[in-house]
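The basis for the numbers below is simple: all heavy atoms, side chains too, and nothing from hydrogens, waters or symmetry mates. Throughout, numbering of the chain's residues begins at 1 and tracks the sequence.
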Amino acid sequence: MPSTDQLVVAAAVLCLVAEPAKPHCNETCGTVSIPYPFGIRTGCFSIHGDFSLKCVHNQIIWRDNKVLDINIHGKMTISHNISYDCYGELGESTGQSNVNLSAGNFIVSADDNKLVAIGCDTYAWFKGYKNETPYWVGCMTYCTDLSDVPDGECSGVGCCQANITYATPNITTALHSFDDHVLCEPFNPCSSAFVVAKNAFTFNKTILTTTVEEYKKHLNASVVLSWTVGNQTCSSAKADRTCLCQGNTTCYDPPNEVGYRCKCFPGYDGNPYLSPGCQGTYLQQPGSVNSVHFSHYYYY
């Protein structure tokens with residue numbers, strides 16, 4: 001019997017250096033850093049986006065999801081429930097859960113996530129949206145003996161995967177069985193499917209033996225969201241003087257996303273959303289019009 005930990009997918013550490021929060025605001029909750037524009041208390045997060053967080057028992061909560069990581073480059077990793085579909089030895093349903101995730105003003109990143117389905121009598125699909133038009137991707141996996149399942153591979157026997165075509169603000173993950181697991185129930189009573197961060201999940205065939213009781217404990221996978229500020233373009237935010245980009249930064253409009261992001265000038269470091277902005281010390285090379293980065297520091 002696999003342990004719960006085998007199905008809980010940990011997010012990779014995205015930030016090696018903690019980015020600063022606003023002065024007098026919480027910089028961490030548990031082991032996770034909270035960079036501005038995110039924050040916990042009123043006045044600590046920007047009102048121009050979905051940046052309000054809670055710190056509950058040393059765990060960051062965003063829209064009822066546990067937060068595993070946040071960085072200032074527009075990525076936030078959350079922990080989200082997985083879908084499952086379980087059967088008894090006579091093919092009767094013993095439990096099912098199809099998962100929906102709303103990313104609010106953010107989006108589920110197509111570049112950073114994939115769809116994974118696990119089972120020996122399983123087909124799964126993912127429903128997303130591009131410009132409010134729905135699209136579907138999916139995969140199937142079938143097997144009749146545990147010994148036929150290659151360990152560590154997710155290629156269609158016991159485990160399958162598919163790329164997410166377009167970034168989407170909402171996802172629905174669902175799965176179904178061809179034969180109600182009658183031929184594989186002794187070793188595989190359940191199917192599961194989930195969106196998960198790429199390179200954050202390794203298939204182990206013992207997962208196939210997970211029972212409905214284990215799935216009902218709300219096993220989770222990590223999902224990477226892309227975040228932006230507000231719902232305006234850079235030019236609109238600058239025009240009405242609500243742009244959050246500070247000194248030594250560039251404002252840019254990410255393609256296929258609503259809102260804008262800020263980034264430091266090349267060679268500068270720090271949080272581009274916090275005053276006075278990104279920091280750096282430069283030396284001019286003799287005979288050159290180009291500046292060369294010499295050293296840098298973070299502003300707190």
Side-chain angles (χ1 to χ4, degrees), residues 1-12 68 77-89 91-101 108 110 112-128 136-165 171-224:
M1 181 68 59
S3 66
T4 300
D5 290 340
Q6 286 179 284
L7 285 177
V8 177
V9 184
L68 305 177
T77 304
I78 64 171
S79 177
H80 192 61
N81 294 339
I82 69 176
S83 298
Y84 61 86
D85 184 27
C86 301
Y87 296 86
E89 60 182 353
E92 72 279 14
S93 176
T94 58
Q96 184 182 57
S97 175
N98 289 328
V99 171
N100 300 314
L101 169 62
V108 179
D112 297 297
N113 299 293
K114 62 183 177 182
L115 170 68
V116 171
I118 297 173
C120 279
D121 184 6
T122 306
Y123 62 98
W125 55 266
F126 162 97
K127 181 182 180 182
W136 290 261
V137 297
C139 66
M140 61 171 286
T141 167
Y142 199 89
C143 40
T144 57
D145 195 296
L146 189 60
S147 63
D148 294 334
V149 179
D151 219 3
E153 295 184 18
C154 193
S155 54
V157 182
C159 179
C160 66
Q161 57 188 350
N163 290 326
I164 298 173
T165 312
I171 60 171
T172 300
T173 307
L175 67 162
H176 304 277
S177 170
F178 295 101
D179 300 310
D180 299 334
H181 280 247
V182 171
L183 298 180
C184 60
E185 188 276 336
F187 67 91
N188 176 224
C190 300
S191 298
S192 62
F194 45 92
V195 174
V196 62
K198 290 181 178 178
N199 302 320
F201 172 76
T202 300
F203 174 65
N204 185 314
K205 67 180 182 181
T206 60
I207 296 173
L208 291 168
T209 64
T210 304
T211 65
V212 64
E213 289 77 19
E214 289 291 316
Y215 280 110
K216 286 182 178 178
K217 293 179 180 178
H218 302 296
L219 303 181
N220 301 314
S222 60
V223 180
V224 179

Under the ring-ring contact (aromatic ring centres under 6.0 Å, His included) rule, collect the residues that match up with H80, sequence neighbours excluded.
->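 Once residues adjacent in sequence are excluded, H80 has no partner under the ring-ring contact (aromatic ring centres under 6.0 Å, His included) criterion.
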Taking only residues two or more places apart in sequence, or in another chain, which ones meet Y123 in a ring-ring contact (aromatic ring centres under 6.0 Å, His included)?
-> H176, F178
Considering the options T165, I171, N163, N113, which one meets the side chain to side chain contact (heavy atoms under 4.5 Å, CB included) requirement together with F126?
-> I171
In a check of side chain to side chain contact (heavy atoms under 4.5 Å, CB included) between D85 and each of N98, T122, L175, which one passes?
-> L175
About how many Å separate [atom2] of [Y] and [atom1] of [X], when rounded to the nearest 0.5 Å?
X    : Y    : atom1 : atom2 : value
S83  : L219 : OG    : CG    : 12.0 Å
T141 : F203 : OG1   : CZ    : 7.5 Å
E89  : E185 : CD    : CD    : 6.0 Å

Verify side chain to side chain contact (heavy atoms under 4.5 Å, CB included) between W125 and L115, making sure each step is shown before the conclusion.
-> CA-CA 8 Å; W125 55 266; L115 170 68; 5.8 Å; no
Using 4.0 Å as the upper bound for N to carboxylate O, is an ion pair formed by E214 and K217?
-> yes
Would you say C159 and C154 have SG atoms less than 2.5 angstrom apart?
-> yes
Side chains of Y87 and S177: donor-acceptor distance under 3.5 Å anywhere?
-> no
Of all the heavy-atom pairs spanning C184 and C143, show the shortest one and how long it is.
->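 So the two residues come closest at CB-O, 4.0 Å.
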What's the verdict on side chain to side chain contact (heavy atoms under 4.5 Å, CB included) for N220 and F194, showing C-alpha distance, side-chain angles and the deciding distance?
-> CA-CA 9 Å; N220 301 314; F194 45 92; over 6 Å; no
Are the side chains of L208 and C120 in touch, meaning some heavy atoms are under 4.5 Å apart?
-> yes
Pairing residues for C86 by the disulfide bond (SG atoms under 2.5 Å apart) criterion, not counting sequence neighbours =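 Partners of C86 by the disulfide bond (SG atoms under 2.5 Å apart) criterion, ordered by chain and then number, come out as C190.
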